[in-house]
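Below: one structure, written as structure tokens.
Values below: every heavy atom of this structure, side chains too, minus hydrogens, waters and symmetry copies. Because the structure is predicted, anything quoted here is derived from the model rather than measured. We name chains A, B, ... by the order of the sequence lines, and we start the count at 1 in each one.
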Protein chains: 2
Amino acid sequence: MTKHDKRDARETLRGAGFRATKPRLLLFSLLEKSRAPLPIHDIAARLQRHSVDQVTVYRMIDAFMRAGLVREVNFQGQRPRYELVDIEHDHHHIVCTKCHKIEDFVGCDSERLEEKALEQSHFQKITGHSFDLYGLCDTCAK
Amino acid sequence: MTKHDKRDARETLRGAGFRATKPRLLLFSLLEKSRAPLPIHDIAARLQRHSVDQVTVYRMIDAFMRAGLVREVNFQGQRPRYELVDIEHDHHHIVCTKCHKIEDFVGCDSERLEEKALEQSHFQKITGHSFDLYGLCDTCAK
DNA sequence: GTGAATGCAAAAACTTTGCATACGC
DNA sequence: GCGTATGCAAAGTTTTTGCATTCAC
């Protein structure tokens with residue numbers, strides 16, 4: 001993590017009305033470095049080395065979600081995972097059903113489907129969506 | 001639940017290699033009648049009136065999932081829900097972010113997206129997908 | 001200095017496991 | 001009758017709550 005990243009994290013936190021505490025900066029850094037969304041368990045395990053309590057992880061994730069900094073992702077048969085929200089690089093996930101490897105992909109044009117759904121349902125407005133694929137990665141398909 | 005339904009449930013269970021026990025028939029009936037997928041908590045609460053234990057609910061759901069009779073559905077910030085698999089009437093869900101009402105919609109042509117994802121990723125094969133919408137229902141949008 | 005945020009302890013909620021009994025076949 | 005499936009008890013996990021202390025501002 002570079003100085004630049006650290007300053008960004010600080011600013012983002014402050015901007016969202018948070019104090020830039022050590023546990024929060026560590027969580028930010030961890031999520032930034034992680035290629036895949038992480039479950040609470042993993043986050044807590046890694047931050048424990050820095051004396052951050054599990055309870056603090058729950059509270060930080062909750063606060064970040066409310067502030068729109070973090071997003072929850074749910075995969076079949078797994079506990080919820082969390083990742084930083086990156087508006088400019090929206091993406092979806094593809095999960096290997098065998099080894100649970102996760103990769104990203106972009107280009108889910110859900111607009112058409114949202115329209116369809118509005119016609120079919122008693123809903124007025126769509127505010128979000130989730131779209132995930134399951135399959136076999138190179139290694140597991142062999 | 002009609003006699004006809006009951007016979008169907010029996011046959012489906014037997015066909016999947018299960019004994020048609022009272023708790024299983026009750027679970028089947030409950031899921032059949034339910035318009036939305038149900039969380040364990042709800043299922044257990046309703047079957048408790050018929051002296052079915054919570055542990056049995058966990059075990060039945062697990063067994064039915066392995067057998068492909070039941071599918072798990074995950075919504076943001078909620079515990080997993082379960083619904084009967086109905087191959088002929090595949091559908092997706094639209095969830096109200098305010099009152100948590102759930103409706104179905106059909107017509108998610110994911111083939112194109114699956115192709116795109118395969119090109120972008122190191123995956124060989126897509127075996128499934130999940131697609132859910134979030135929004136405001138008629139009542140909550142007012 | 002002040003109040004938001006944290007750590008620690010404890011409680012609550014959720015899920016799994018073990019085993020004796022019941023019941024579908 | 002045989003063996004799967006269940007209920008009950010108990011253990012194991014995960015998540016939430018309370019409160020005194022710490023630390024960012």
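Residue Arg14(B) places none of its side-chain N or O atoms closer than 4.0 Å to OP1 or OP2 of dG24(C). For dT15(D), the OP1/OP2 oxygens have a side-chain nitrogen or oxygen of Tyr58(A) closer than 4.0 Å.
At a threshold of 4.5 Å between non-hydrogen side-chain atoms, the residues Ser130(A) and Phe131(B) do not count as touching.
Across the protein-nucleic acid pair, Asp42(B) atom CG and dA13(C) atom P stand 16 Å apart, rounded to whole Å. Residue Leu26(B) contributes atom CG, which lies 11 Å from atom P of dT6(D) at whole-angstrom precision. In this entry the distance linking CZ of Arg79(A) with C1' of dA13(C) reads 11 Å, nearest Å. Atom pair Gln48(A):CD and dT14(D):P shows a separation of 12 Å (rounding to whole Å applied). Between Ile61(B) atom CD1 and dA5(D) atom P there is a gap of 15 Å when expressed in whole angstrom units. In this structure, Tyr82(A) atom OH and dT14(D) atom C1' are separated by 11 Å, rounded to whole Å. The interatomic distance linking Ile43(A) (CD1) with dT15(D) (C1') rounds to 14 Å, in whole Å. A straight line from NE2 of His41(B) to P of dT15(D) spans 17 Å, rounded to a whole angstrom.
Residues in residues 53-67 of chain A take part in these salt bridge (Lys or Arg N to Asp or Glu O under 4.0 Å) pairs, two or more places apart or across chains: Asp62(A)-Arg66(A). Residue pairs meeting the side chain to side chain donor-acceptor pair (under 3.5 Å) criterion with at least one member in residues 112-122 of chain A, sequence neighbours excluded: Ser110(A)-Glu114(A), His122(A)-Glu103(B).
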Using the rule given for ring pair (Phe, Tyr, Trp, His ring centres under 6.0 Å), can you reason through His92(A) versus His129(B), listing the C-alpha separation, both sets of side-chain angles and the distance that settles it, and then say yes or no? CA-CA 11 Å; His92(A) 294 273; His129(B) 67 275; over 10 Å; no
Please list, one pair per line, the donor and acceptor atoms closer than 3.5 Å that link side chains of residues 36-51 of chain A to other protein atoms, with sequence neighbours excluded.
none

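Ala63(B) comes within contact range of no nucleotide atom at all, as no heavy-atom separation falls under 4.0 Å.
Rotation axes derived from the C1' atoms of the five outermost pairs at either end of the helix from dG1(C)-dC25(D) to dC25(C)-dG1(D) lie 40° apart, to the nearest 10°.
Applying the side-chain hydrogen bond (donor to acceptor under 3.5 Å, both in side chains) criterion to Glu72(B), with sequence neighbours excluded, gives Asn74(B). Residues satisfying the side-chain hydrogen bond (donor to acceptor under 3.5 Å, both in side chains) criterion with Arg81(B), sequence neighbours excluded, are Gln78(B). Judged as a salt bridge (charged side-chain N to carboxylate O under 4.0 Å, His left out), and not counting sequence neighbours, the contacts of Arg71(A) are Glu83(A), Asp90(A).
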Per-nucleotide protein contact string for nucleotides 3-9 of chain C (B base, S sugar-phosphate only, - none; heavy atom under 4.0 Å): BBSBBBB
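The other residues sharing a hydrophobic cluster with Val73(A) are Phe75(A), Val95(A), Ile102(A), Tyr134(A), where clustering joins ILVMFWY side chains under 4.5 Å apart.
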